[in-house]
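Notes to accompany the following structure.
The residues of the chain are indexed from 1 along the displayed sequence.
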Amino acid sequence: MIPNDTDSERSPQAAAPVDRTQRIVESRDLFRGQSEILISHDGAIYRMKITRQGKLILNK
């Protein structure tokens with residue numbers, strides 16, 4: 001099987017090096033067992049959700 005472009009983007013070998021000066025926040029610490037959270041940013045409320053496939057979606 002030949003990997004397609006999306007496979008190579010997800011591959012750890014193809015990932016750009018992480019800048020260790022940036023803070024990493026674990027999603028489980030944000031969600032605390034829930035599948036959806038609200039985020040206040042610059043006066044607006046955003047909804048972040050974990051999909052059934054385990055992906056994150058952010059909506060205004």
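- Partners of Gln34 by side-chain contact (heavy atoms from CB on, under 4.5 Å), not counting sequence neighbours: none found.
- Listed by chain and number, the hydrophobic cluster partners of Leu30 are Val25, Phe31, Ile37, Ile39, Tyr46, Met48, Ile50, Leu56, Leu58, where partners are ILVMFWY side chains within reach of under 4.5 Å, directly or through others.
- Take Thr51 and apply the side-chain contact (heavy atoms from CB on, under 4.5 Å) test, not counting sequence neighbours, and it matches Gln53, Lys55, Ile57.
- Judged as a side chain to side chain donor-acceptor pair (under 3.5 Å), and not counting sequence neighbours, the contacts of Glu36 are Arg47.
- With sequence neighbours excluded, no residue forms a salt bridge (Lys or Arg N to Asp or Glu O under 4.0 Å) with Arg32.
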